Amino acid sequence: MKSPVRVAITGAAGQISYSLIFRIAAGDMLGPDQPVVLQLLEITPAMGALNGVVMELNDCAFPLVAGIVATDDPNVAFKDADFAILVGARPRGPGMERSDLLQANAAIFSVQGKAMNAHANRNIKVLIVGNPANTNALITLKNAPDLNPRNITSMMRLDHNRSLSQIAAKVGSHCTKVEKMVVWGNHSATQFPDISHATVDGKPVVDLVDNDWYVKEFIPVVQQRGAAIIKARGASSAASAASAAIDHMRSWALGSSGQWVSMGVYSAGNSYGIDEDIMYALPITCENGEWQEIKGLAVSDFARGMMTATEQELVSERDAIAHLL
Ligand code: NAI
C-alpha cells in the first residue's frame, strides 16, 4: 500500500459531493492501492449535514480511507492537500444578475485560493467544479500566486463525456470507441463541442454524420444538456458531474493513455491564439502527472467562430470581476 494522500473537497454536503466523496473513498479516482485522507469543507450552517455524510463514510468502512477531516475553515481543509476539488459555490438566487453571481463566487474562490496558497502541498492538483467554473478557477489561480498556474484547472470533462455519449448513440457505437473529441472554451452554453478531429473505431466522425445534425442537433444538445437534466430531474446533474470530476483527476494523476481529454486550463502560451489570461478548455493529453496541450490542430472558419464566441464570453466574465483579481 502507498502512503495516504490528502484530498480536499469543498461543498462536501452538497449533491455532487454526495456521489463524489464515496467514489473517491472507493478508489475510483486514484486507484485501488492509494489510501486517502478526506478533508471536507462546508459553510458553517451545513456542518450538521456534513456530519451526516461523515457518519455514512464511517459506516462504509472503506479500506482506503485513512482519515476524515470535516471543517468550515479553508485553512484546515487545504492543509497539506495533494488534490483539491472545489465543488461548493454560490448558486444564482432569485433576481440575481450574472455580475452579482460572478462577484459572490469571486469572494468564495479568492478566500480558498489564498488558503491553498498558504497551506497546500506545493504540487497540489486543483479542479474547480463550482460554477461559473472557468472564472472561479481564474480567481483561484490569481489568489494562489505561489502555486504553478498549470496546477489549477476547471471542469469540462462532463461536456466531453456528454459529447462521447451523443456521438456513440448517433452512429450506433459505444462511447469507448469515440476518440479525439474536443470541447473548447467555457463550461456554459457557448462551449464548442468540436467533432472535426473525432473518430469512431478510427473512422472520422464527420464522414459518419451529416453537417446538419452536427450544427443543429449535436452542438445545441451538448451545450444545453445541463438545462435538460434540470428539467427532467428537477435538480442539476450530480452523479454525472461527480463522475466527470473523477475522470478528470484520474486522467491527470494517472495518465490518459494517449486519449484526448478536454480540460479547462490557464490559457497563457496556448497555440490557438486564444486570449492568454483566461481559463479555457483545450484538447489535452496527460502523462506522468502532467497535462499537455495538443497543439497545431487545423481550425476551420466555422470552428474559429465558435472558439472566439466562447473566448469572448470568458473575457467578459473576467472583465466583470477584474477589480477583484
Ligand atoms: P449543492 O447546492 O447541492 O451543493 C453545494 C454545496 O456547497 C452546499 O452544500 C453549500 O453549503 C456548499 N458551499 C457553498 N459555499 C461554500 C463555501 N464557501 N465553502 C464550502 N462549501 C460551500 O450544489 P451541487 O449540485 O453539488 O453543485 C455544486 C456546483 O457545481 C454548482 O455551482 C453547480 O453549478 C456546479 N456544477 C458544475 C458542473 C461542471 O461541469 N463544471 C456540472 C454540474 C454542476
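Numbering starts at 1 and runs along the sequence shown. In this text, all values refer to a predicted model and were calculated from it rather than measured experimentally. Note that ligands are numbered from 1 as they come in the structure, with each ligand's atoms numbered from 1 the same way.
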Which is closest to atom 38 (C) of ligand 1 by heavy-atom distance: H187, H248, R157? H187
Over 60° means perpendicular and under 30° means parallel, so classify the ring planes of F218 and Y214, tilted if in between. tilted
Between F302 and F192, how do the two ring planes meet: parallel, tilted or perpendicular, split at 30° and 60°? perpendicular
Measuring from non-hydrogen atoms of M156 to any atom of ligand 1, is the shortest distance under 4.0 Å? no
Can a donor-acceptor pair be found between the side chains of T135 and R318 at a distance below 3.5 Å? no
Out of curiosity, is A13 lining ligand 1, as in a heavy atom under 4.0 Å away? yes
Using distance alone, with no hydrogens and no angle criterion, decide if N186 and E313 have a side-chain donor and acceptor under 3.5 Å apart. yes
Going by the angle between their ring planes, with limits at 30° and 60°, are Y272 and W184 parallel, tilted or perpendicular? perpendicular
Closest protein heavy atom to atom 18 (N) of ligand 1, given as residue, atom name and distance to 0.1 Å: I108 CG2, 3.4 Å
How far is atom 34 (O) of ligand 1 from its nearest protein heavy atom, and which residue and atom name does that atom have? N131 ND2, 2.8 Å
Give me the residue, atom name and distance of the protein heavy atom closest to atom 3 (O) of ligand 1. Q15 N, 2.9 Å
Just which atoms of ligand 1 are under 4.0 Å from any heavy atom in G88? 7 (O), 13 (N), 22 (C)
Between the candidates V87, D72, L20, V111, which shows the shortest non-hydrogen contact distance to atom 28 (C) of ligand 1? V87
For atom 9 (O) of ligand 1, the protein heavy atom that lies nearest, with its residue and separation: E42 OE2, 2.5 Å
Can you name the atoms of ligand 1, numbered from 1 with element, that are less than 4.0 Å from a heavy atom of A241? 42 (C), 43 (C)
Check whether the side chains of R162 and S237 place a donor and an acceptor atom closer than 3.5 Å, and report yes or no. yes
Can you check which of M47, Q112, H160 brings a heavy atom nearest to atom 19 (N) of ligand 1? Q112
Between H187 and S154: side-chain donor-acceptor atoms closer than 3.5 Å: no
Can you report which non-hydrogen protein atom sits closest to atom 5 (C) of ligand 1, along with the distance? G14 CA, 4.2 Å
Measure from atom 17 (C) of ligand 1 to every heavy atom in I43, I229, T71 and give the option owning the shortest one. I43
Nearest-option assignment for atom 37 (C) of ligand 1, heavy atoms, candidates V129, N161, I128: V129
Does ligand 1 have a heavy atom under 4.0 Å from the side chain of S236, from its backbone, from both, or from neither? side chain
Proximal atoms of ligand 1 relative to S237 (non-hydrogen, under 4.0 Å): 43 (C)
For the student: nearest non-hydrogen atoms of P74 and D72, plus distance: CD-O, 3.6 Å
Testing the 3.5 Å rule here: is there a donor-acceptor pair between the side chains of Y280 and D275? no
P91 near ligand 1, heavy-atom distance under 4.0 Å? no
One finds that the ligand 1 atoms under 4.0 Å from a non-hydrogen atom of G11 are 6 (C), 7 (O), 12 (C), 20 (C), 21 (N)
Distance-only polar pair, side chains of S236 and Q15, donor-acceptor under 3.5 Å: yes
Say whether E287 and Q292, considering side chains only, have a donor N or O and an acceptor N or O under 3.5 Å apart. no
How does A89 reach ligand 1, by side chain, by backbone, by both or by neither, if only non-hydrogen atoms under 4.0 Å count? both
Around atom 30 (O) of ligand 1, find the nearest protein heavy atom and jot down its residue, atom name and distance. I16 CD1, 3.4 Å
Can you find a side-chain donor-acceptor pair between T71 and Q39 that sits under 3.5 Å? no
